[in-house]
2 protein chains.
Amino acid sequence: MTLAFSEHDHKYCRASILRQVEDICQKQGLRLTDMRKRVLEMLLKNHTALGAYDLLAQLGREGEAVQPPTVYRALAFLTENGFAHKVERLNAYVACHFPDKVHNPGFLICRCCKAVGETCVVKSPLADQGFDIENEIMEAEGVCENCGLDN
Amino acid sequence: MTLAFSEHDHKYCRASILRQVEDICQKQGLRLTDMRKRVLEMLLKNHTALGAYDLLAQLGREGEAVQPPTVYRALAFLTENGFAHKVERLNAYVACHFPDKVHNPGFLICRCCKAVGETCVVKSPLADQGFDIENEIMEAEGVCENCGLDN
DNA sequence: TCTCACTTGTTATATTATAACATATCATAT
DNA sequence: ATATGATATGTTATAATATAACAAGTGAGA
């Protein structure tokens with residue numbers, strides 16, 4: 001059962017991940033600038049994925065007239081440092097649930113409630129003698145436990 | 001070792017897959033129209049993924065002034081029926097290597113030669129009690145055997 | 001305080017994909 | 001063989017996602 005689909009104190013969840021990211025940035029001399037932090041906080045709001053233009057619009061609503069490159073740069077920083085991931089099937093982004101672990105993310109995407117659960121994939125099912133895998137994504141779509149009960 | 005990275009008689013490989021698709025269409029009453037077949041043949045040319053606009057341009061070069069929806073419709077037919085897959089990380093499309101098997105595709109993408117190998121993933125590493133997985137993709141990037149030897 | 005690296009602003013445009021409606025084609029029933 | 005309805009394609013326009021290129025601002029250490 002992944003975090004996104006289980007009841008939990010999300011306020012704490014959010015704060016805890018943000019704290020972890022801040023710590024890592026501190027330690028590694030990475031600059032979690034205001035813009036980067038705001039984008040991360042938006043992604044942490046809930047367990048759904050947000051598109052770059054959703055983020056853009058939200059910043060707009062908050063009074064920041066920001067252009068696409070600004071958002072994409074923040075996302076680039078977050079994804080390159082493992083603080084967020086792109087969900088390729090959705091062309092959208094999520095905050096990483098395990099910012100302190102180097103890992104390949106595996107996503108469970110609920111097509112009902114749109115929540116996205118993340119798991120750390122440790123052993124690649126694609127491992128193939130001869131092919132040197134550098135990184136890997138897994139994205140499953142389906143119906144989460146909560147939505148499955150509802151029908 | 002997947003097909004795409006091993007030496008093989010690609011002329012035969014191509015023809016064999018096309019034949020399989022034709023048979024399946026025959027049996028299932030699916031119409032492999034000229035446009036659909038041409039797009040599939042282009043995807044079968046080699047083991048790299050092609051973008052929709054690559055296909056469009058190639059059709060253009062062959063004298064067919066075709067618009068995007070035409071290509072996307074052909075791709076929709078091919079992917080919906082399991083004759084091709086979209087490689088999400090590349091926003092590009094490949095012919096399926098196993099058109100006769102219902103499966104979730106796993107891709108090995110070589111960042112050197114751009115070849116894409118396909119495997120049938122049978123057991124999901126994301127399987128999670130409670131979440132009902134309907135379909136799943138896996139895409140690994142790295143260096144294939146042939147390119148790894150070259151450096 | 002200078003300087004250099006890094007970050008963000010700004011403008012323009014590239015790339016990927018789809019909506020909506022018109023026309024053509026095909027399979028089959030008559 | 002032809003009318004009919006379903007399926008496929010043509011056509012125009014536009015949406016959605018992403019990046020290039022250059023200017024300006026900011027911050028940490030020399």
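Chain identifiers are assigned alphabetically (A, B, ...) following the order of the sequence lines, protein sequences preceding nucleic acid strands; residue numbering begins at 1 within each chain.
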J.: Are B:E64 and B:R38 close enough for a salt bridge, meaning some N to O gap below 4.0 Å?
T.: yes
J.: For A:N135 and B:R89, does a side-chain donor sit closer than 3.5 Å to a side-chain acceptor?
T.: yes
J.: In whole angstrom, what separates B:R36's CZ from D:dG10's P?
T.: 11 Å
J.: What is the distance from CD of B:Q67 to C1' of C:dT16, rounded to the nearest Å?
T.: 15 Å
J.: Pairs under 3.5 angstrom, nitrogen or oxygen only, protein versus nucleotides 28-30 of chain C, please.
T.:
none

J.: Using whole Å, what does the distance between atom C1' of nucleotide C:dT16 and atom CZ of B:R89 come to?
T.: 18 Å
J.: Protein within reach of the bases, or only the backbone? For nucleotides 14-30 of chain D, mark each nucleotide 5' to 3' as B, S or -, using heavy atoms under 4.0 Å.
T.: ---BBBBB-----S---
J.: Please write out which residues are connected to B:L3 in a hydrophobic cluster, directly or through intermediates, given that two of Ile, Leu, Val, Met, Phe, Trp, Tyr count as joined at side-chain heavy-atom separations below 4.5 angstrom.
T.: none
J.: In whole angstrom, give the distance that lies between atom CG of B:L32 and atom C1' of D:dT7.
T.: 15 Å
J.: Taking only residues two or more places apart in sequence or in another chain, which ones pass ring pair (Phe, Tyr, Trp, His ring centres under 6.0 Å) with A:F131?
T.: B:F5
J.: Using a side-chain heavy atom cutoff under 4.5 Å and only I, L, V, M, F, W and Y, what cluster partners does A:I109 have?
T.: A:V87, A:L90, A:V94, A:F107, A:V116
J.: So with a 6.0 Å cut-off around CD of B:Q26, is the heavy-atom count from everything else above 12?
T.: no
J.: What's the CZ-P distance between B:F77 and C:dT18, to the nearest Å?
T.: 18 Å
J.: Rounded to the nearest Å, what distance is computed from the CD atom of residue A:E64 to the C1' atom of nucleotide C:dT10?
T.: 15 Å
J.: Under 3.5 Å, is there a donor on one side chain and an acceptor on the other for A:E136 and A:H103?
T.: no
J.: Whole angstroms only, please: what is the CG-C1' distance between B:L75 and C:dT18?
T.: 13 Å
J.: Decide, yes or no, whether a salt bridge links A:R111 with B:E134 under the criterion of side-chain N to carboxylate O below 4.0 Å.
T.: yes
J.: Any side-chain N or O of A:T70 below 4.0 angstrom from OP1/OP2 of C:dG9?
T.: yes
J.: For B:Y53, check side-chain contact (heavy atoms from CB on, under 4.5 Å) against everything at least two apart and list the hits.
T.: B:L56, B:P68, B:Y72
J.: Whole Å only: how far is the CD atom of A:Q28 from the P atom of C:dC6?
T.: 15 Å
